[in-house]
Amino acid sequence: MSTSYRLILSLAGIVLGGSALAVQPPEPPAPPAAPAAPSKKITISMDSGDGYALVDSSEDSVTMAGRDVDGQQIKQLQRSLKGHFLWFRDQGKGYVTQDAALLARVRDAWKPSQQLGLQMSGLGKQMSEHGKAMGELGSKMGVHGAAQANGGTRDAQQLQTLGRQQQELGRKMGEAARRQAQATTETARRAAGREVERLQQQMEDAQDAMEEVNDRIAATQEREAAKVDALSRQMDQRGKPMETLGKQMEALGRQQEKASKAADKTTRQVIAQALSEGKAKLVR
């Protein structure tokens, strides 16, 4: 089995969360649970240092970073403060500043990271569109695979078992791929990447086993096998752009991590200035 053919079938599983040869198109995996948050629109970045949150009450938007962010306290401030404010923790105590100049520095610092995030979302949408087309081809392959399976009950049962296995692996790969695309640190992104690779290897093993069954069936049903091969070639062509998009997302992810670190550094400098100049109020 060629590496490219394996990759195409695995990528189809990532998007649709199922087997490429299942008779019925599988349901897509449920999206990962959103992180606990004090408002509707949230960006979480960085995971070290005292926590802080840049809040725009008018848009219900929050950018959070660091440890021990007090979501309840931020909610209360959103109800009492208008416009933008920066909440942060220092020596275990919560503070807030609405100094216009300081807030402008923080907003400007985070713009590059936010823009890169939008670009990654756009690439993710393109990958989803390609994956949807691949899933439709996979569904057609499933129909022909079922026709092949009619040649023997044992082969049909084995195909069904492998199909369910691929469906579960595809669901897990979809979750891991989304975690990788949404990761805001190199550690999280690498961990998700390793999980995708591990699951893809299992998907390839299952696909190898499925191909062995299909080969036996194809010996007596050459016409159906020819149709499956034609669909496989179409799927191979559909999958090529996804590899390019994946590399672009990885590159953007590295840029976003760098931009987030720079923004975090600027924000912490602003916090220190707010404290030293008395421009931050203790939240009681």
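Numbers for residues simply follow the sequence, beginning at 1. Note: hydrogens, waters and symmetry copies are ignored here, and every other heavy atom, side chains too, is used. Predicted, not measured: the structure shown is a model, and the values here were computed from it.
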Quick one, Arg105 with Asp108, criterion salt bridge (charged side-chain N to carboxylate O under 4.0 Å, His left out). Give me CA distance, side-chain angles, the key distance, then yes/no. CA-CA 5 Å; Arg105 284 179 58 191; Asp108 289 343; over 6 Å; no
With distance as the sole test, does [X] use its side chain to make a donor-acceptor pair with the main-chain N or O of [Y] at under 3.5 Å?
| X | Y | value |
| --- | --- | --- |
| Gln256 | Leu116 | no |
| Arg268 | Asp50 | yes |
| Glu186 | Arg254 | no |
| Arg89 | Asp68 | yes |

Quick one: pull up [atom1] in [X] and [atom2] in [Y] and give me the separation to the nearest 0.5 Å.
| X | Y | atom1 | atom2 | value |
| --- | --- | --- | --- | --- |
| Leu102 | Leu86 | CG | CG | 8.5 Å |
| Met249 | Ser121 | CE | OG | 8.0 Å |
| His84 | Ser57 | NE2 | OG | 8.5 Å |
| Thr97 | Phe88 | OG1 | CZ | 7.0 Å |

Lys261 bridged to Asp264 by N-O distance under 4.0 Å: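 No, Lys261 and Asp264 are not salt-bridged.
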Would you call Arg171-Glu168 a salt bridge at under 4.0 Å N-O? yes
Does any non-hydrogen side-chain atom of [Y] lie less than 4.5 Å from one of [X]?
| X | Y | value |
| --- | --- | --- |
| Gln248 | Thr244 | yes |
| Gln201 | Asp205 | yes |
| Ile74 | Val55 | yes |
| Leu54 | Leu103 | yes |
| Ile271 | Asp90 | no |
| Asp70 | Trp87 | yes |

Report all side-chain donor-acceptor pairs from residues 275-284 shorter than 3.5 Å, counting only partners two or more places apart or in another chain.
{"from": "Ser276", "atom 1": "OG", "to": "Ala272", "atom 2": "O", "distance (Å)": "3.2"}
{"from": "Ser276", "atom 1": "OG", "to": "Gln273", "atom 2": "O", "distance (Å)": "3.0"}
{"from": "Glu277", "atom 1": "OE1", "to": "Gln273", "atom 2": "NE2", "distance (Å)": "3.4"}
{"from": "Glu277", "atom 1": "OE1", "to": "Lys279", "atom 2": "NZ", "distance (Å)": "3.0"}
{"from": "Glu277", "atom 1": "OE2", "to": "Gln273", "atom 2": "NE2", "distance (Å)": "3.2"}

Mind checking what makes ring pair (Phe, Tyr, Trp, His ring centres under 6.0 Å) contact with Phe85, not counting sequence neighbours? none
side-chain hydrogen bond (donor to acceptor under 3.5 Å, both in side chains) against Arg198, all qualifying residues, sequence neighbours excluded: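 Scan of Arg198 (side-chain hydrogen bond (donor to acceptor under 3.5 Å, both in side chains), adjacent residues dropped) gives Glu195.
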